[in-house]
2 protein chains.
Amino acid sequence: MLKETNLRMTRQRRVILEELRKMDGHPTADKIYAVVRKRLPKISLGTVYRNLEVLSVLGEIQKLELSGSQKRFDCISDFHYHIRCTCCDRVDDAPMGPLKDFENRINGETSFKVLGHRIEFVGLCPDCRENPTSPGLKKFIPPNHLHVEK
Amino acid sequence: MLKETNLRMTRQRRVILEELRKMDGHPTADKIYAVVRKRLPKISLGTVYRNLEVLSVLGEIQKLELSGSQKRFDCISDFHYHIRCTCCDRVDDAPMGPLKDFENRINGETSFKVLGHRIEFVGLCPDCRENPTSPGLKKFIPPNHLHVEK
DNA sequence: TTTTTTATTGAACCCGATGGCAACACTGCC
DNA sequence: GGCAGTGTTGCCATCGGGTTCAATAAAAAA
């Protein structure tokens, strides 16, 4: 799929893709940068960002834009939602299949043309729920913009 | 609720709250800064950020952390979801009540302690759907991290 | 090989947001 | 009133994710 877009499979682009496929979880750009740099020490962060963008537009990888944090990337499998730890920002897949036609629920009732939806669960990862002083702990203010059941 | 926290209702804090209550929509911090500065020309951006944070912790206002954009604030009414324009970043309330116990759907199936959820619709606002060159238009790449029905 | 086109590099830059800190202003208290 | 004590402000520097730019390198085309 590179042919018809005049894009080239450069060494950098290929290594980024290969390494991303080996990584599990939902790494951030700088994490990917760190890993790729072991094979290509001279690669620049800009190249990593640029190629992650290209690869995500091509559909080779998935770019996650979660709330209030840096972007994350992973290789595409099937669509799913995510759950994010409010303490350490760890992101896992949420065990819930896509809600089909979910956006149609509001389609006639808003002036927007609804194109999609995003669902994100928040909570505490196993480490942070047991060890509230785990590294990466941030002041935990219950996010009042979330719908938390009383 | 200021008493028991040793916080003071200063002039700046009060003006920020008053102005925010008059504004509709979901203004960003710099928008609030601009409005408040008409009454308090010497107020600093840092003060605005600090007080927005304080007010949101006190529950006086709501801090929205939507995906991939700056934070937005509004006065608290009842909980609701939001819809964001992918072109101009305009944010409206979504005409959909809170899904009660939504996070319980995954509660037994993840190692996380699920605390809440966030739902965000994305689409095109009336201006951008009719006038794709409206100010603020950004390159619209179909976000493949969304669940968009084919 | 030479030419043409696309990609990479490294640094500078952008922008939202935060932190440090001296000066300031409330709030008791004498 | 004068005086601590402490919360707050304004200012400025800084941070961090991310992007842009001119120069250079590399890949495809001729």
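Keep in mind the model is a prediction, meaning the values are calculated, not measured.
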**Student:** Answer yes or no: does a side-chain N or O of Y49(A) lie under 4.0 Å from OP1 or OP2 of dT19(D)?
**Tutor:**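 So the side chain of Y49(A) is outside the cut-off, no N or O lying under 4.0 Å from OP1 or OP2 of dT19(D).
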**Student:** Give the rounded distance in Å between these two atoms: CG of L58(A) and C1' of dA7(C).
**Tutor:**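 In whole Å, dA7(C) C1' and L58(A) CG are 14 Å from each other.
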**Student:** Does dT9(D) have OP1 or OP2 under 4.0 Å away from a side-chain N or O of T10(B)?
**Tutor:**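 For dT9(D), OP1/OP2 do have a side-chain N/O of T10(B) under 4.0 Å.
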**Student:** Can you tell me how far C1' of dG16(C) sits from CG of L66(B), to the nearest Å?
**Tutor:** 15 Å
**Student:** If you check every side-chain atom of Q12(A), which of dA17(C), dG7(D), dT8(C) has the closest atom?
**Tutor:**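 Nearest listed nucleotide: dT8(C).
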**Student:** H82(A) vs H26(A) aromatic rings, parallel, tilted or perpendicular, using cut-offs 30° and 60°?
**Tutor:** perpendicular
**Student:** With the threshold set at 4.0 Å, does a side-chain nitrogen-carboxylate oxygen contact exist between K22(B) and E19(B)?
**Tutor:**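 Between E19(B) and K22(B) there is a salt bridge, with a charged N closer than 4.0 Å to a carboxylate O.
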**Student:** What residues in residues 34-47 of chain A put a non-hydrogen atom under 4.0 Å from any atom of DNA chain C?
**Tutor:**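 Residues of residues 34-47 of chain A under 4.0 Å from DNA chain C: K42(A), I43(A), S44(A), T47(A).
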**Student:** What's the OH-C1' distance between Y33(B) and dT18(C), to the nearest Å?
**Tutor:**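 Taking atom C1' of dT18(C) as the reference, OH of Y33(B) is at 15 Å.
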**Student:** Only one of I16(B), L20(B), L7(B), V15(B) clears side chain to side chain contact (heavy atoms under 4.5 Å, CB included) with N51(B); which?
**Tutor:** I16(B)
**Student:** How many whole angstroms separate atom CG of L7(A) from atom P of dT5(C)?
**Tutor:**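 Spelled out: CG on L7(A) to P on dT5(C) is 16 Å.
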**Student:** State, to the nearest 10°, the angle formed by the axis through the first five base pairs of the helix from dT1(C)-dA30(D) to dC30(C)-dG1(D) and the axis through its last five.
**Tutor:** 10°
**Student:** For a quick check under 3.5 Å, do S67(B) and E120(B) share a side-chain donor-acceptor pair by atom type?
**Tutor:**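 S67(B) vs E120(B): donor-acceptor pair found between side chains.
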**Student:** Are E65(A) and R118(A) ion-paired here, with the side-chain N under 4.0 Å from a carboxylate O?
**Tutor:** no
**Student:** Applying a 4.0 Å non-hydrogen cut-off, can you work out what N51(A) is touching in the nucleic acid: base, sugar-phosphate, or nothing?
**Tutor:** sugar-phosphate
**Student:** Does R14(A) come within less than 4.0 Å of E18(A), counting only side-chain N to carboxylate O?
**Tutor:** yes
**Student:** Do NZ/NE/NH1/NH2 and the carboxylate oxygens of D92(B) and R90(B) come within less than 4.0 Å?
**Tutor:** yes
**Student:** How close or far is atom P of dT19(D) from atom CG of L52(A), stated in whole angstroms?
**Tutor:**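 Going from L52(A) (CG) to dT19(D) (P), I get 10 Å.
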**Student:** What's the CG-P distance between N6(B) and dT6(D), to the nearest Å?
**Tutor:**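 Distance check: N6(B) CG to dT6(D) P gives 10 Å.
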**Student:** Name the orientation class of the two ring planes belonging to F121(B) and F102(A) (parallel below 30°, tilted from 30 to 60°, perpendicular beyond 60°).
**Tutor:**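 F121(B) and F102(A): parallel rings.
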**Student:** Give a yes or no on whether a donor-acceptor pair under 3.5 Å exists between the nucleobase atoms of dG10(D), that is its base, and the side chain of R50(B).
**Tutor:** yes
**Student:** Rounded to whole angstroms, how far apart are CE on M9(A) and C1' on dA28(D)?
**Tutor:**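 After rounding, the reported distance stands at 15 Å.
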**Student:** Kindly indicate, with the supporting measurements, whether the criterion salt bridge (Lys or Arg N to Asp or Glu O under 4.0 Å) is fulfilled by E60(B) and R13(B).
**Tutor:** CA-CA 11 Å; E60(B) 290 289 326; R13(B) 194 163 288 167; over 6 Å; no
**Student:** Round to a whole Å and report the spacing from CD of E53(A) to C1' of dG17(D).
**Tutor:**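 Result: 14 Å.
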**Student:** Starting the side chain at C-beta, find the nucleotide from dG18(D), dG16(C), dT5(C) nearest to R8(A).
**Tutor:**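 Looking only at side-chain atoms, R8(A) lies closest to dT5(C).
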